[in-house]
Asker: 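After the structure tokens below, expect a handful of questions from me.
So you know, we letter chains A, B, ... as the sequences are listed, proteins then strands, and number each from 1.
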Number of protein chains: 2
Amino acid sequence: MRYIDEQAIEKIALGAAVLGTGGGGDPYIGKLMAKEAIRKYGHVTLISLDELRDDHLVAPVSGMGAPTVTIEKIPSEHEVTAPLETLEKVTGRKVDAVMPIEVGGINSLFPIIAAAKKGLPILDADAMGRAFPEAQMVTFHLDGFEPSPVTMADDKGNAVVLYPKDGVWSERLARVLTIEMGGSSSVCDYNLLGMDVKTSVIPDTLSLAERIGEYLLDNQVKEQLRINKMLEELKGHRLFEGKIVDIERRLSGGFTRGTATFEGIRDSYGRTFTLYFQNEHLVAKEAEQLLCTTPDLIAVLDIETGFPITTERMKYGARVVVVAFPCHDKWRTPKGIETAGPRYFGYDFDYQPVGELLKER
Amino acid sequence: MRYIDEQAIEKIALGAAVLGTGGGGDPYIGKLMAKEAIRKYGHVTLISLDELRDDHLVAPVSGMGAPTVTIEKIPSEHEVTAPLETLEKVTGRKVDAVMPIEVGGINSLFPIIAAAKKGLPILDADAMGRAFPEAQMVTFHLDGFEPSPVTMADDKGNAVVLYPKDGVWSERLARVLTIEMGGSSSVCDYNLLGMDVKTSVIPDTLSLAERIGEYLLDNQVKEQLRINKMLEELKGHRLFEGKIVDIERRLSGGFTRGTATFEGIRDSYGRTFTLYFQNEHLVAKEAEQLLCTTPDLIAVLDIETGFPITTERMKYGARVVVVAFPCHDKWRTPKGIETAGPRYFGYDFDYQPVGELLKER
């Protein structure tokens, strides 16, 4: 057990932008909101998996929607906690702890805000180990848990409780509601008891985000070397260095989808690269050669500072390093690949671990 | 108090197709389902407003969706009663009676099916006095009642509870869910106590539907004269007689929208008429001259039998009489016209009562 203070939030937000480049919105906005909440309500207690009681009800709180929207339509404190309150109303019991459903993007910060306001501890774990764009892309789904009841809220005063047939229907219904609600909403799904949570989540991921933030803010290490240190510590890969020469983004089906094209620079000079994204980066290619594909993680970092650049903030001319991290082993199982692999997203090729793809290079 | 038997259902379904040409789907399918339910579970008790107890919970049960879908995707008995059961779960109390939210279309039959299966009485009243295409177009909305909690179900096993901010948001959220659910759903909204129901509904409308069915089935009267008798009894108007020469239908926004063009026949020979519809007929014109507009009711009847032809079953070449009935006075108030008048549906003209429009003719 330890406390999350403003410094920790600073680091977590930075790490979260590496672990999720779009998930549920922009972590910089989440950072401001989380700091504000902590100033107002006091520090938040971070508990580890072994500190979680079996009979405790754990509620993942998250934002749903396209980052393009969240960046302009900043959620209110009420919006963040409303689904928790609806959950308590429909289940007739108090929530004992909150957790991030995904550790990437604003959704690592959302539950910190909720925890501060409700005086609840937050669990040092998540159900993706990164960020994914769809609601059923969680270890809970892989492990056969149901999302029901799913509670939702928006900024207009609407509240919804879904009892979806399964995780995929949960995503479908929540997504169309989110679009109708103006492109963003707040959600509580896969509300489970501690004993179930422990069997399924990926542990220590808020700490992981914080550690990534630490590497990138480490004044003891020269800026240019921080990325190397992070890649070394996290067994990550450098995919290429490049300059953004084209960026195409569109809002479709409630997601921000698009493509970014890069001209190689430095060691990658003379070559062309492409990233394909749906909220999150899904595929990295050099010409027609695959470099990395979902569920492995792709992140775009500023070439000078190593700071992550979210899909939403990628701009023409930016000079970047594109890196990749192997996903958690749960995502490399048949069910994991079926749920979040390239074919699920409509790509016509199989998943290959990033390490193997880069060996072929 | 009296019983609804199979004969009554036959008449109600016929009357319902005059009072709503599309509302929630095809009344012929509802008729088959309602007869089947009565054979299986026994007759249904029809109670009048003064037989309703003040402390009784009344649940309107209805189908939502485009008739184009309902005609092919026949709802199951489970689908009809599922929102009632969810309502009882979330409110923690038993429903005492059901009622039709609208007396037009399949939605006059839906609550009969639910009443039979659950052994509940059905109230002889509705909240439109006809059918309208959108969920907030109810007297409850005009009288300031909230729809919340709204319970929904589909044929896939999904259930939803909405706590919408108001009637318009209820429609918006339920509509996108209905589309995602495959184009049709079942709904319970505006669940109110007897004391509130009594102040707001339009009484005796199931009996009205039954009476219309009686006129159209009356063997004592020559077929050609039955329409006249009905118009006389219900103070309706004959707009024109015509042959359908063009019909255009599309699914859009969860509704069946379209236009039907008629070449005048008999007394209307040499003239051209158009009907515009969104599930229900909304506007009737002769060339550019307005003949009738929502919230007044427009119905299309077979020229030989007087039987109603729903928007979905209108076909090229059909020879019809198009008739109109004045709406209930509640719809002629400023709030009524704002809610269901021509401008709400995007037409650029004001409401004028059908009687006045025809005087100008």
Asker: Would you find more than 12 non-hydrogen atoms of other residues, nucleotides or ligands less than 6.0 Å from A:Lys335 atom NZ?
Answerer: yes

Asker: Looking only at heavy atoms, what is the nearest atom pair of A:Arg172 and B:Glu180, with distance?
Answerer: NE-OE2, 2.8 Å

Asker: Could you tell me if the side chain of B:Leu173 sits less than 4.5 Å from the side chain of A:Met181, heavy atoms only?
Answerer: yes

Asker: Among the options A:Ser170, A:Pro164, A:Ala159, pick out the one with the most heavy-atom pairs lying under 4.5 Å from chain B.
Answerer: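 Counting heavy-atom pairs under 4.5 Å, the top option is A:Ala159.
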
Asker: Could you have a look at A:Val176, A:Ile179, A:Val160 and say which one has the most heavy-atom pairs with chain B under 4.5 angstrom?
Answerer: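 The residue among A:Val176, A:Ile179, A:Val160 with the greatest pair count is A:Val176.
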
Asker: What residue among B:Val90, B:Thr86, B:Val161 forms side-chain contact (heavy atoms from CB on, under 4.5 Å) with A:Val161?
Answerer: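 Answer after filtering B:Val90, B:Thr86, B:Val161: B:Val161.
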
Asker: Using a cut-off of under 4.5 Å for heavy-atom pairs, which of A:Val150, A:Leu162, A:Leu177 has the most such pairs with chain B?
Answerer: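 That would be A:Leu177.
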
Asker: Return the OG1 to OH distance between A:Thr151 and B:Tyr163, rounded to the nearest 0.5 Å.
Answerer: 10.5 Å

